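Predicted model only: the values in this text are computed from it and were never measured. One-based numbering, in listed order, for ligands and for the atoms of each.
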Amino acid sequence: MNFNYKCSAFFLVAFSLLQFACSSSENVQQQSKITPDNEVVQLAEENLEKAAAQYKVLMERLPEGRFPKTYYAEKDSLETSGSEWWVSGFYPGTLLYLYEETGDEQLLNEAMRIMKVLEKEKFNTDTHDLGFMMFDSFGNAYRINPSEEYKDIIIQSAKSLISRYDPKVGAIRSWNSKPEDFLVIIDNMMNLDMLFWATEQTGDSTYYNIAVEHANTTMENHFREDNSTWHVLNYDPETGEVQEKKTAQGYSDESAWARGQAWGLYGYTDMYRETGDEKYLEQANKIADFIFNHPNMPEDKVAYWDFNAPNIPDVLRDASAAAIMASALLELSEYVEGEKSQEYFNNAEQIIRTLSTPEYVAAPGTNGGFILKHSVGSLPADSEVDVPLTYGDYYYVEALKRYKEYGK
Ligand code: GLY
């Protein structure tokens, strides 16, 4: 979730007039002097408008009490989940971002409706995905309209998340497993933002310290010499030693699964923002260098689903990975100076330009109401392959907003 551009909004006259007070994070200095390109700002604005119209199509199709997952065009089938599935926060989160852009209350009302269904997950201790689920939804809702109700929900969610922390390993457990295994995936970096927020709100440093421990353990073990990341690490829960390094969603245990690299990039950018600790900035820079200097990164900067997939260039792209990278890079480019900043900004801008073409952005009324086409959930499991995905949409919309608001 985007807390780089911290805003508090005061709702006046039935949510119709907004007054924003924005400031950047207190922990870090923003360095960049780049001015966004007017043409791309306009492109972002047009695509945010289109996205809002698309989500109205999606909301019409959504069955009561269900959350969107993906859409299969050949069967005209909208696939949905219950609130417990890891993607449940992206739909309300995207609606809230689009509401902020358009002021359209239909989007806000739909976000409020679905968040009532989602709220019970604050007690879910069976998943590490609570940051995605509860912070991209209720975190954005609180940012727009700070209320005790949302605050309590997020703090309860943070409590549930830290119940999965093990001090012997120094990490939060990702997936449940056999007792002799302790699985941590790189994706888990994305759930830490909510813990920093919980400390900020409660003054209880437990959340902050757990987030830092998790990030440090991950930094120590999860990255290869070339700064790419493994997907899954299996720690010994008794000793905290790493017993396996492998993949679940990538091409192979030693390959660089594109979305995993994107989660790492975004996660360590978050860590730098929240702590001001330069070692996290350095880690984010190293990940960015791996991704964007990779010989298999295409000119248009929308990554193949795995950097080491055989038969590149004749393999699928992952629009979701590209969207996450663009959003993260726009933030990271503000924390570095000179050529580095420009390079990150240019790469993010290139991703936005590519994803905003008809190759990736769905024509109005198509794609089941999702915004982007061509993401890959899990190719090895033959699940959600070359389809729209809620998180592709969420981070694309976030990247468009970040581009528009860049430097402000
Ligand atoms: N967090 C699961 C995924 O990225 O597919």
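For the side-chain contact (heavy atoms from CB on, under 4.5 Å) test, residues two or more places apart in sequence or in another chain that qualify with S163 are T125. In this view, N221 and Y235 satisfy the side chain to side chain donor-acceptor pair (under 3.5 Å) rule, not counting sequence neighbours.
Residue-ligand proximity, D187 to ligand 1, at heavy-atom distances under 4.0 Å covers atoms 1 (N), 2 (C), 3 (C), 4 (O). Residue contact check: R259 has heavy atoms under 4.0 Å from atoms 3 (C), 4 (O), 5 (O) of ligand 1. For ligand 1, the atoms lying closer than 4.0 Å to a non-hydrogen atom of Q249 are 3 (C), 5 (O).
Seen from the ring of W305, R317 does not count as a face-on cation partner, given the 6.0 Å and 45° thresholds.
No salt bridge links D226 with K286; every basic N to acidic carboxylate O contact stays at or beyond 4.0 Å.
Polar contact check, W263 against ligand 1: a nitrogen or oxygen pair lies under 3.5 Å apart.
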